[in-house]
Novice: 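Sharing a structure, written as structure tokens. Questions coming.
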Amino acid sequence: MAEWNAVLEYKIWFIRGVGYTILLTSVGVFFGTIIGLFLGLGQLSQQRIFRILSRAYVDLFRGTPLFVQILIVHFAVMPAIFGDEAPSAIFSGFVALSLNSGAYVAEIFRAGIQSIDKGQMEAARSLGMTYRQAMRYIILPQAFKRMLPPLGNEFIALLKDSSLLAVIATPELTYAGQMTAKNTFTSFGPYLTVAALYLILTLILSKGVRGLERKFSND
């Protein structure tokens, strides 16, 4: 009973943790999608330098653990840029999740664009469209439908990965569980609550993604 009393006593931390978890994940996915779009196009660019730089970025962030990236961003990059005025752990969390998500979303964009038949681009160019217009009005809208399931999976994966931000004391859901366990000398109640809340969030997200897939498949 003491386990659940501890959860009730610190329920405001869990409520706040859910809010920060959703916020951190949403910002990470938003900026990660923007970064991923440019990197995905960079990998398909006819300019060799863009292909090399985009590939290097993707390999770097996919080839190293997010946990280590979070530590580097918060304890090395931010102090190096801002000095003693280094921003909060929440800002470091935004940056780390966005940079990491960008690498994975880049691969989704690259694969999605490459899955469209080359004849689509050739037909658009023969109608007088520029490469940019063909990509914007012909290729990307078709590719987006195919990219929706993996983008949804990336959103869900990033939500769970945001728990790693507890290591820099970002006040997200896992950190709320850690602090509750530490203050009340309990374990099962706080951590089972954290697990249950993550499960609820991922189930809601999964349902939303399936709804979007049905909507776009009927368009």
Side-chain angles (χ1 to χ4, degrees), residues 21-70 72-73 93-122 124 129 131-165 172 198 201-219:
T21 295
I22 294 172
L23 177 64
L24 285 159
T25 305
S26 300
V27 172
V29 167
F30 177 76
F31 286 104
T33 301
I34 295 173
I35 294 170
L37 174 60
F38 283 103
L39 290 174
L41 294 175
Q43 291 187 84
L44 300 173
S45 172
Q46 296 180 343
Q47 300 293 323
R48 189 164 180 264
I49 184 65
F50 290 145
R51 293 200 306 272
I52 292 174
L53 291 176
S54 301
R55 191 70 245 172
Y57 181 100
V58 171
D59 288 342
L60 175 64
F61 280 91
R62 294 185 70 195
T64 54
L66 175 58
F67 183 80
V68 177
Q69 294 166 18
I70 291 169
I72 292 174
V73 167
F94 289 148
V95 174
L97 292 183
S98 299
L99 293 176
N100 180 271
S101 179
Y104 287 90
V105 174
E107 286 297 88
I108 295 172
F109 272 108
R110 182 190 59 75
I113 292 170
Q114 286 183 323
S115 71
I116 303 301
D117 189 275
K118 291 182 179 178
Q120 297 282 324
M121 173 62 80
E122 293 170 358
M129 289 187 176
Y131 177 83
R132 183 176 297 181
Q133 288 173 329
M135 190 62 74
R136 179 179 178 184
Y137 297 111
I138 304 297
I139 305 300
L140 284 178
Q142 295 182 71
F144 180 73
K145 293 181 181 178
R146 300 182 182 181
M147 291 187 290
L148 197 54
L151 281 175
N153 290 334
E154 168 61 18
F155 199 165
I156 293 170
L158 198 65
L159 185 141
K160 292 185 288 185
D161 287 345
S162 68
S163 63
L164 296 173
L165 294 173
E172 45 72 61
Y198 274 117
L201 290 175
T202 54
L203 288 175
I204 292 172
L205 270 177
S206 298
K207 188 173 182 178
V209 170
R210 284 196 294 271
L212 282 175
E213 289 177 23
R214 283 195 297 272
K215 179 179 184 303
F216 282 99
S217 65
N218 293 330
D219 285 345

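As a basis for the values below, the full set of heavy atoms in this structure was taken, side chains included, without hydrogen atoms, waters or symmetry mates. The first residue of the sequence shown is numbered 1, and numbering continues consecutively from there.
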Novice: Under the criterion side chain to side chain contact (heavy atoms under 4.5 Å, CB included), I'd like the reasoning laid out for Val209 against Phe155: C-alpha separation, chi angles, the key distance, then a yes or no.
Specialist: CA-CA 9 Å; Val209 170; Phe155 199 165; 5.8 Å; no

Novice: Counting only heavy atoms from other residues, nucleotides and ligands, does the tally under 6.0 Å from CZ of Arg51 exceed 12?
Specialist: yes

Novice: What distance do Asn153 atom CG and Leu158 atom CG have between them, rounded to the nearest 0.5 Å?
Specialist: 12.5 Å

Novice: Working to the nearest 0.5 angstrom, can you tell me the gap between Ile116 CD1 and Met135 CE?
Specialist: 10.0 Å

Novice: To the nearest 0.5 Å, how far apart are CG in Leu205 and NZ in Lys207?
Specialist: 12.5 Å

Novice: Quick check: do Met121 and Ile138 have side-chain heavy atoms less than 4.5 Å from each other?
Specialist: no

Novice: Drop me the distance from Ile113's CD1 to Ser115's OG, to the nearest 0.5 angstrom.
Specialist: 9.0 Å

Novice: Test side chain to side chain contact (heavy atoms under 4.5 Å, CB included) on Leu159 and Thr202; report intermediate values, then the result.
Specialist: CA-CA 8 Å; Leu159 185 141; Thr202 54; 4.0 Å; yes

Novice: Using the side-chain contact (heavy atoms from CB on, under 4.5 Å) rule, pick out the option among Thr21, Leu24, Leu66 that qualifies with Leu165.
Specialist: Leu24

Novice: Would you tabulate the side-chain donor-acceptor contacts of residues 99-109 under 3.5 Å, counting partners in other chains and residues two or more places apart, or write 'none'?
Specialist:
from: Asn100; atom 1: ND2; to: Gln69; atom 2: OE1; distance (Å): 2.9
from: Ser101; atom 1: OG; to: Glu154; atom 2: OE2; distance (Å): 3.1
from: Glu107; atom 1: OE1; to: Gln43; atom 2: NE2; distance (Å): 3.1
from: Glu107; atom 1: OE1; to: Arg55; atom 2: NH1; distance (Å): 3.4
from: Glu107; atom 1: OE1; to: Arg110; atom 2: NE; distance (Å): 3.2
from: Glu107; atom 1: OE2; to: Arg62; atom 2: NH1; distance (Å): 3.4
from: Glu107; atom 1: OE2; to: Arg110; atom 2: NH2; distance (Å): 3.3

Novice: Under the ring-ring contact (aromatic ring centres under 6.0 Å, His included) definition, can you give me all pairs with a residue in residues 45-70, not counting sequence neighbours?
Specialist: Tyr57-Phe61

Novice: Going by the rule ring-ring contact (aromatic ring centres under 6.0 Å, His included), which residues pair with Phe31 if we only count those two or more places apart in sequence or in a different chain?
Specialist: none

Novice: What distance do Leu97 atom CG and Ile70 atom CD1 have between them, rounded to the nearest 0.5 Å?
Specialist: 6.0 Å

Novice: Grab the two heavy atoms, one from Ala124 and one from Ala134, that are nearest each other, plus how far apart they are.
Specialist: CB-CB, 3.6 Å

Novice: Looking at CG of Leu201 and OG1 of Thr25, how far apart are the two atoms once the value is rounded to the nearest 0.5 Å?
Specialist: 8.5 Å

